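Written below as C-alpha cells is the structure these notes are about.
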Amino acid sequence: MNTRRDLIKQGALLAGLLAGVLPLQAGAAEALAKSAFDAKTLDELYKALGLGKPVESKEVQLSAPDIAENGAVVPVTIASGAANVVRMLVLVEKNPSVLTASFDVSPAVEAAFQTRVKMGQTSNLYAVAITADKKVLFAQKEVKVTLGGCGG
Amino acid sequence: MADPMRIRAQALNGNVVVKVLMQHEMETGQRKDANGKTIPAWHITDVSASLNGTPVFSAQWGPAVSKNPFLQFTIKGGKAGDKVSVQWVDNLGNKRVDEATVV
Amino acid sequence: MSKTALAIAGVMAGVIALIGAPALAQKSTSDGIAEYRAMLADGNPAELFEAKGEELWKTPRGPKGASLERCDLGKGAGVVKGAFVELPRYFGDTGRVQDLESRLLSCMETLQGFDAKAIAATPFGKGEQTNLEALVAYISAESRGMKFNLPQTHTAEKLMYAAGKKIFYFRGGPYDFACATCHGEDGKRIRLQDLPALYKNPGDAVGFASWPAYRVSSGELWGMQRRLNDCYRQQRFPYPGYASDATIALATYMGVNSKGAVSSAPALKR
Amino acid sequence: MKTVHLISAAAGLAIVAGCATQAMGPSEAEATAAADAMIKSSFREQGIAKLDRLEQDAVQKACSSDKPPTADVSAKIEAEQMATVKWPTNGQYLGDWKEGEKLAQNGRGMTWTDPAGAKSGGNCYNCHQISKAEISFGTIGPSLYQYGRLRGVSDPASAQSEPIVKYTWGKIYNAKAYSACSNMPRFGHVGVLDEDQIRDIMALLLDPKSPVNAE
C-alpha cells in the first residue's frame, strides 16, 4: 500500500517535526524533576513541577474502570487531543505518592498511553496533559477499589 | 538477569501500536515482610523506545505502576518490518532491552 | 493537505480506539467488574510465564542435563499440543493418574534427575516451584481454545473421578466447609467473585477451564495445584500435599465434569 | 516415603476394583474407601491447622454428599445442635454495631497462615449483603440488609422482639441447629467467635441505629 514516495514523504514530515517543532523527548519539556515522585498531594506535585493551576478539560481523556476488582492492577488509558502536548501524567490522589507515571510526548508518538497502576484504596484518578506553553489540562474519574476474595 | 519482555508491534492505519509486558516486581518500598522488616523499593524508573534505532518514546515511572507492567503507546508512521526496541532501567540500575519486528 | 487530514483522522481513530465507548451513567456492580476484566484482557502477564516455560521445556537442566522435550504428557513423548485438556489421566509408567504438575515432576525426576519429592515440598513461588509455574503456563497455553476431554477408560481414572466427587463434598475443619459449600450451586458469589458450580460443566473458560491463571492480586502464575491449595487454606483445612492424590482426584472430578468446555488457560484472575 | 506407599495402595485398590466392575466404574463402597485413603494420605498439618480437622463429627459426616440427609436424620442433628447453643451469660444479646461491622468485614482466622491465638473475624460479607455501603458482598447466604427492620425489631430489648433476637443469636452460635447441613459455620459452638463478638454482630443486624436498619 505504502509507496516508497509516501514513505519518504512521511519520513520527511516526521523528521521535520522532530527538528523544527520540538527537540526529542527529555528536551521537550525539561526533564521531569525526580522529586515529583515524592509529592504527597496534588498541590505538592504541581509545585515540584513548577506548574500553574490545572484546568479540567475535554481535551484530555481518561478511561479506567468504575470498580477495580483488585487495587493491585487498575487499567488506565489516557489521551489528549490538545495542541502541543509535551507530557502526560497519571496521578492517583490517595496513594502515598500521587505521581504514578509520566510519559514524554515527542512528535513521534501519539498523546495516548495505556498502563496499569496500583491503588491502595478508592480514589480519584487523574490524567494530566502538559502543553509546551505550560498549560495544565486534566480529566478525572473515581475508581472504587473493592475487597476481593475471602478477605483472608 | 531479568527475563525478556514481550513486545507486540502492529502496523495500524499508518501508525505502529506497541504493546509491552515487562517482568518486574515493582516493589513499592512501603510493604513489610512477615518479620515486620520493610521490603526495599525495587521498581522500573525509566522506559524508552526507538523505531529503527531512532528514539521515539520515553517515560518515567514511580513504584505505583503494577507488578509485571503493561504499556501501550502508538508510534506515528512506521510499517511492517520496522524494528521497535524497548528498554527499561530500574532503581537498582538493572536494565533490559528487547526488540520486536513490526507486523 | 489531504495527507495531513488523513494523519489526524488516524490519530483520532487511535485515540478513540484506546479510550473505548463512553461509560454509561448507571451500571451495576457486576457490569463494572465485567468492564474491569475486559480492560485487562489484552496484555495478560501470563504471556511472560508462557515464554519462560517454553524456554525451560527446551533447555537441558538438572543433574542429567536433559531437556523435557522427551516428556510424555499423555499424547506421546514430546507432544505438548492438546496434552493439557486431557489431564489428569492414567500413566502406565508410574501406575498413577496424574495431573499436569505431578506429571511434570515425574519427567523432571526421570529425564532430568531432579528430586521430585524435594520440589513437591518446596513452598510455592520458591526455587523449582517458580519453574513449574512457568512450565504449566506454557503447556496449558499450547491447548488454549481446545475443549476438555479427559479420558475415563482406565479403571484408575474412573476411581479417581468417583473419589474426587466424594472429596468435593467432604466437609471438615472448624468451619464445616467442603468444596461444595462455595461451588455447589449456580449464580453464587464470595464477596464480588463469581463462584462457578463445579459439580457440572460451568461453561467455556470458566472454573476448571480457566486455570492456570495469572493472579493480579499477587502477580503470580497459579496452576491448579496452587489454586486448590489456597481453596483448602480458606476452607481452614490442613495442608494438601503438592501433587497429592486428593488434589489429583479433585482435578479429575472437575476436569471430567468440564468435558467440552473450551480452555482459556492461562487466564487472568483477580 | 509414606506418600509413595499410600499412592501405590490406592493404585492397587484400583486394579482390584477393575476386575469386578470394568464397565460401570467403582462401586459406592470402593469410591468411599479410595476417597478416605486419599484424604488420609494427602494432607499434612501446617501451622495451627492440624490433622484432627479432618476428623468429621456427626454433622459433617451426614452432610458430605450431593444428597441431603433424610428428614429424620436432619431433625435429629438439629435437635442435638440446638442443645449446644449457649445463651449469653449476662443476658445481654446486643453489643456495639460498629465493632460488629468490623467483624463482618474481617475474613481472617483459623487458616494455616494465621497465628495461634489470634481472634477470628466473622467472615459475614463473604456470603451476605449486610450494610448498603459495602458493595463487595457474597451471595451464598441471604441478604441481611434491613435485617431488624424487616422483622419489626424497633426495640431489641422488648418482649415482642425476644423470639427473633434469640433466633438470631442461636443462628450465629450454631447454624446447624436450624438447618442440619447449612453452609454457615457454627461460629459460637466451635469457638470461632466469642460471646462479645457475637453480641457485636447481633447489634449490627438488630440495633435500630445500625446502618443495616437505616431507612
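Just so you know, these numbers come straight off a predicted model, no measurement behind them. Reckoned from all heavy atoms, side chains included, excluding hydrogens, waters and symmetry mates.
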Once rounded to the nearest 0.5 Å, what's the spacing between atom CD of B/Gln60 and atom CG of A/Asp104?
4.5 Å
A/Lys47 atom NZ, over 12 foreign heavy atoms within 6.0 Å
no
Where B/Val56 and A/Ser106 come nearest, the two heavy atoms and their spacing:
O-OG, 2.7 Å
Chain B heavy atoms under 4.5 Å from A/Val90: which part of the residue, side chain, backbone, both or neither?
neither
Interface moiety of B/Lys19 toward chain A, non-hydrogen atoms closer than 4.5 Å:
neither
Residue A/Phe37 versus chain B: region with a heavy atom under 4.5 Å
side chain
Side-chain touch A/Arg116/B/Pro69, heavy atoms, less than 4.5 angstrom
no
Is there a side-chain contact between B/Gln72 and A/Phe113 in this structure, where contact means two heavy atoms from C-beta onward sitting under 4.5 Å apart?
no
Chain A contact via B/Asp46 - side chain, backbone, both or neither, heavy atoms under 4.5 Å
side chain
Sub-3.5 Å donor-acceptor pair from the side chain of B/Thr74 to the main-chain atoms of A/Glu110, do we have one?
no
In this structure, are over 12 heavy atoms from other groups packed under 6.0 Å from A/Lys135 atom NZ?
no
Are the side chain of B/Ser66 and the backbone N or O of A/Ala72 linked by a donor-acceptor pair below 3.5 Å?
yes
Evaluate the side-chain proximity of B/Thr28 to A/Lys118: yes if any heavy-atom separation is below 4.5 Å, no if none is.
yes
Side-chain contact test, heavy atoms from C-beta onward, threshold under 4.5 Å: evaluate it for A/Val117 versus B/Trp61 and give yes or no.
no
